[in-house]
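Inspection log for the structure reproduced underneath, given as structure tokens.
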Number of protein chains: 2
Amino acid sequence: MKHINIKALALELNLSVSTVSKALNDSYEISEETKQRVLETAARLNYVPNPYASSLRGRKSKNIAVVIPEVADSFFSLAINGIESVAKTKGYHVLICLTHESFENEKTILKEFQGGRVDGVLLSVSTETTNCSHISDLITNGLPIVFFDRACDDVETAKITTDDFESAYKATEHLIQQKADRIAFLSISKSLSISNKRLEGYLKALEDHHIKVDQKYIVDCTNDPEQNYKLIKKLLQQKHKPNGIVASVEKLTTPIYTACKDLQIKVPEDLKIVCFSNLEIAAILNPSLTTITQPAFEMGKMAATLLFKALENRNFSLVKEDFMIQSTLVVRDSSS
Amino acid sequence: MKHINIKALALELNLSVSTVSKALNDSYEISEETKQRVLETAARLNYVPNPYASSLRGRKSKNIAVVIPEVADSFFSLAINGIESVAKTKGYHVLICLTHESFENEKTILKEFQGGRVDGVLLSVSTETTNCSHISDLITNGLPIVFFDRACDDVETAKITTDDFESAYKATEHLIQQKADRIAFLSISKSLSISNKRLEGYLKALEDHHIKVDQKYIVDCTNDPEQNYKLIKKLLQQKHKPNGIVASVEKLTTPIYTACKDLQIKVPEDLKIVCFSNLEIAAILNPSLTTITQPAFEMGKMAATLLFKALENRNFSLVKEDFMIQSTLVVRDSSS
DNA sequence: CTAAATTACGAAAACGGTTTCGTAAATAAA
DNA sequence: TTTATTTACGAAACCGTTTTCGTAATTTAG
């Protein structure tokens, strides 16, 4: 069975290619009768238009890209679902591109988009990304970009983020209220905006409650689980070891719990834990994990909606479209 | 800044379009000197070729599709990483398409591929998929397909699966050895091949150990977490309630643990649990969860490798390429 | 020194759609 | 009845590449 194209279809119908094309696109130029006949034959012959030919002629791909660090992360996989749900209604396809937290990968991926592969981009930058000129370049080239979660402050385009400062503040304050006074903060990146805002929220909470900041308690984690385990273990083996932890990223859950088990630290008695996480399974950990949960699905949905607004209305500017959504602190047994 | 194409590039270089194209593709027809000049100018002008034009002309998209039920699942997200790792080396892009366990979605997605959007497909079918003619259709149309994990037995093409029968057998036997004698089996689908093989492995293990099969203990779960919770709760509230559970899919972990907590069932004393799961976090559940872990990354890698073999060598047949990889039973506290 | 082969490039035809424009026939307006 | 408009379709250009083929200029072989 060969690949059937519009030419073959036209031949079968004894019509011109242009008439068939118009019929398929429901053009007013074509009579209802002909449209029916075309649609019917197209269905019978299993005709599916070549998307690349359409994209080429129409100069739009009907594709959007989602560029994220990882897919094996509950925040991102939920966000994808949100994005997909709106892309579907718009008849768009979603290209998922993974940077694996590498700046080089991110640059390569975005560079490729210059060629017109996608009509717009939803982006959450890698932990390594400090310089954002590769992103600005794309925007000046006319490709609309919407950040979600991990944004670049100095790039002027729409951003969907959560109240990272306030969440971290609330989380830290919560631990303080639970009588923790030596609270550690586990960060993911020195450059990432969300990471810094979370750090600032933590610092502000300490300050407001007159707790002295101790640099020993601020740990920069890596992308390597083994390494993180070691760092956390070291943190928890100090002389004045912390009795509270605010972890700013989901993937630290396992190393924290493992370290506590290995060092026989009792949670929450000896150590109270809060973690930024969207893991459904947080509730059945033992002790169940207190989390700051981001509205991942909603964020994906909003980001996509905004992007489509820009795609559908060329003079809609993304520049001043910043939205901050609230995360929620879900208190569970690990902190109370 | 406008979109620069090969024509503009040729103009800038005072060369013909064909020469530039050949230079970019490192053709032997072009002198080293010219190639250098072209490459340099292309880089300077930030030229990126339009992938759709190339695809159209070359009649190949340099894209492969990964069609899976969900992305928020550790098996699939790990498999994606495996697939991506090999696609990258081949210069291919990966389109991730989600069926959300819906047969209709699956059909729509695959149908679209008839148009030539992708050169090949890696597929794990939805739980609803019983009829596989939409898949055979694609194959007869010349699109190579490789199944991974969830395959259709009656479609003749390559399949990368795990030893579902043996794994379920081993899991069940393990529970028996731990003195469980009323073992329940939680299934995901009545039609899915892997689900049935797992069920058979469970049944065979019971038979070999002279344990009578009780239909009450075999529960078909759904895609709705709420519903699953109710089903499991009901299972665990029976008069002769089970003292062992083999769960054939990862997403049942939460409802099982929640039900046990709510019903105050002690694990592993009153109930021993094994679950098919790739969750890293299984180890820090309390009690830590005994799992059957599939080599997800490897499976993705193998499936992709096989697909590329078929793409690169047109007379390589996928028909008899079935591979079964071993899963491993990781015994943890929930069963011993 | 001439003929054959090679080198390095350009013109033009694809690829499979969409869109613009032109035009007969049918209908409506004058 | 004549003219203007509408309807329904087809021819051909176009989107941005790649590839085939043709050909001057240069090199090599005889």
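Quick caveat, the model's predicted, so the values are computed rather than measured. Below, read A as the first sequence line, B as the second, and so on, with proteins coming before strands; counting in each chain starts at 1.
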Checklist line | Of all pairs that satisfy ring pair (Phe, Tyr, Trp, His ring centres under 6.0 Å), the ones with a partner from residues 13-34 of chain A, not counting sequence neighbours | finding: none
Taking atom types as modelled and ignoring hydrogens, do the side chains of [X] and [Y] form a donor-acceptor contact shorter than 3.5 angstrom?
X	Y	value
B:Ser126	B:Glu101	no
B:Thr99	B:Ser102	no
B:Ser133	B:Ser136	no

Next item on the list: Mind calculating the distance between CD (B:Glu29) and P (D:dA24) to the nearest angstrom?
Entry: 16 Å
Checklist line | Protein-nucleotide distance (A:Gln36, atom CD; D:dA8, atom C1'), rounded to Å | finding: 16 Å
Item checked: Nucleotides bounding contact with chain A, strand DNA chain C, heavy-atom threshold 4.0 Å -> C:dG16 to C:dC21
Notebook entry, point to check: Relative to each other, are the rings of B:Tyr52 and A:Tyr52 parallel, tilted or perpendicular (30° and 60° limits)?
Noted result: parallel
Item checked: Test: A:Arg44 and A:Glu12 ion pair at under 4.0 Å -> yes
Checklist line | Annotated protein contacts, base or backbone, on nucleotides 12-17 of chain D with a non-hydrogen cut-off under 4.0 Å, one of B, S, - each | finding: BBBBBB
Check: Contact class for B:Ser55 (heavy atom, under 4.0 Å): base, sugar-phosphate, or nothing?
Finding: nothing
Notebook entry, point to check: Is it true that atom CD of A:Glu312 has more than 12 heavy atoms of other residues, nucleotides or ligands lying nearer than 6.0 Å?
Noted result: yes
Notebook entry, point to check: Do any N or O atoms from the side chain of A:Lys35 and from the backbone of A:Ser27 form a donor-acceptor pair under 3.5 angstrom?
Noted result: yes
